[in-house]
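Below you'll find the structure, written out as structure tokens, and then a few comments.
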Amino acid sequence: RKEVEQDPGPFNVPEGATVAFNCTYSNSASQSFFWYRQDCRKEPKLLMSVYSSGNEDGRFTAQLNRASQYISLLIRDSKLSDSATYLCVVPRGSGNTGKLIFGQGTTLQVKP
Amino acid sequence: EAQVTQNPRYLITVTGKKLTVTCSQNMNHEYMSWYRQDPGLGLRQIYYSMNVEVTDKGDVPEGYKVSRKEKRNFPLILESPSPNQTSLYFCASTHSVVSGYTFGSGTRLTVV
């Protein structure tokens, strides 16, 4: 299994749709996980952190399944401005060194 | 404004000519890190630092050096750049590994 694996997409959805991305990871010792958003040629920006079973922030919900070693990101009521690449990030080892592994990203395109 | 500042934003250089990309953060963060991003390969960690004078290799350290003499600065040094180091580089920092990193705006480097 790859250390961090994401479906690259692209996911093409209409405005208002609900879309979900999955990310699988191999490091069972990881305690915290992250979803970042990256717009074309720009820096990644932290979207959500996930420590326990999940986290919710407005239209965005992140869930963690430790037994199956995957995290998911759910976006409800998609907006045109949600179009971006979403990066799943997992610490390497126990996560106390700052060493991170980035997934290759899932591209979302929201259409009018 | 809390930020990570990288310079230069764009750089074209020739093979073998030593260069330094600077990175500075004004948030008093302990952890800092350098990444490169290439099409199809995603973001890969070059070096990271857990505090002043504490640095370690990431996944792709070959051809790069770093130093952390002060908390706020974490320069990336290419002693003898080669064309395969043409890439988009990001510096990032965080106060805690469970909080996620803040990224700089990126440096687009071309080595000819």
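The sequence lines fix the lettering, A, B, ..., with proteins before strands; numbering per chain opens at 1.
Using a 30° and 60° split on the angle between ring planes, A:Phe21 and A:Trp35 fall in the tilted class, from 30° to 60°.
Counting only heavy atoms from C-beta outward, the side chains of A:Glu3 and A:Phe102 never approach each other to under 4.5 Å.
Chosen from B:Ser99, B:Gly42, B:Gly58, the residue pairing most often with chain A at heavy-atom distances under 4.5 Å is B:Ser99. When the candidates B:Gln37, B:Glu30, B:Arg44 are compared by the number of heavy-atom contacts under 4.5 Å with chain A, B:Gln37 comes out ahead.
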| query | Yes or no on side-chain hydrogen bond (donor to acceptor under 3.5 Å, both in side chains) for B:Gln6 and B:Thr107, after CA distance, side-chain angles and deciding distance? | reply | CA-CA 7 Å; B:Gln6 292 179 232; B:Thr107 295; 3.1 Å; yes
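Contacts of A:Tyr51 with chain B are made by side-chain atoms alone, with heavy-atom separations under 4.5 Å and no backbone atom involved. Only the side chain of B:Arg108 has a heavy atom closer than 4.5 Å to any heavy atom of chain A. Heavy-atom distances place the side chain of B:Tyr35, and not its backbone, under 4.5 Å from chain A.
There is a path of hydrophobic side-chain contacts, each under 4.5 Å, that joins A:Leu64 to A:Ile101.
Between the side chains of A:Thr106 and A:Gln6, at least one donor-acceptor pair of N or O atoms lies under 3.5 Å.
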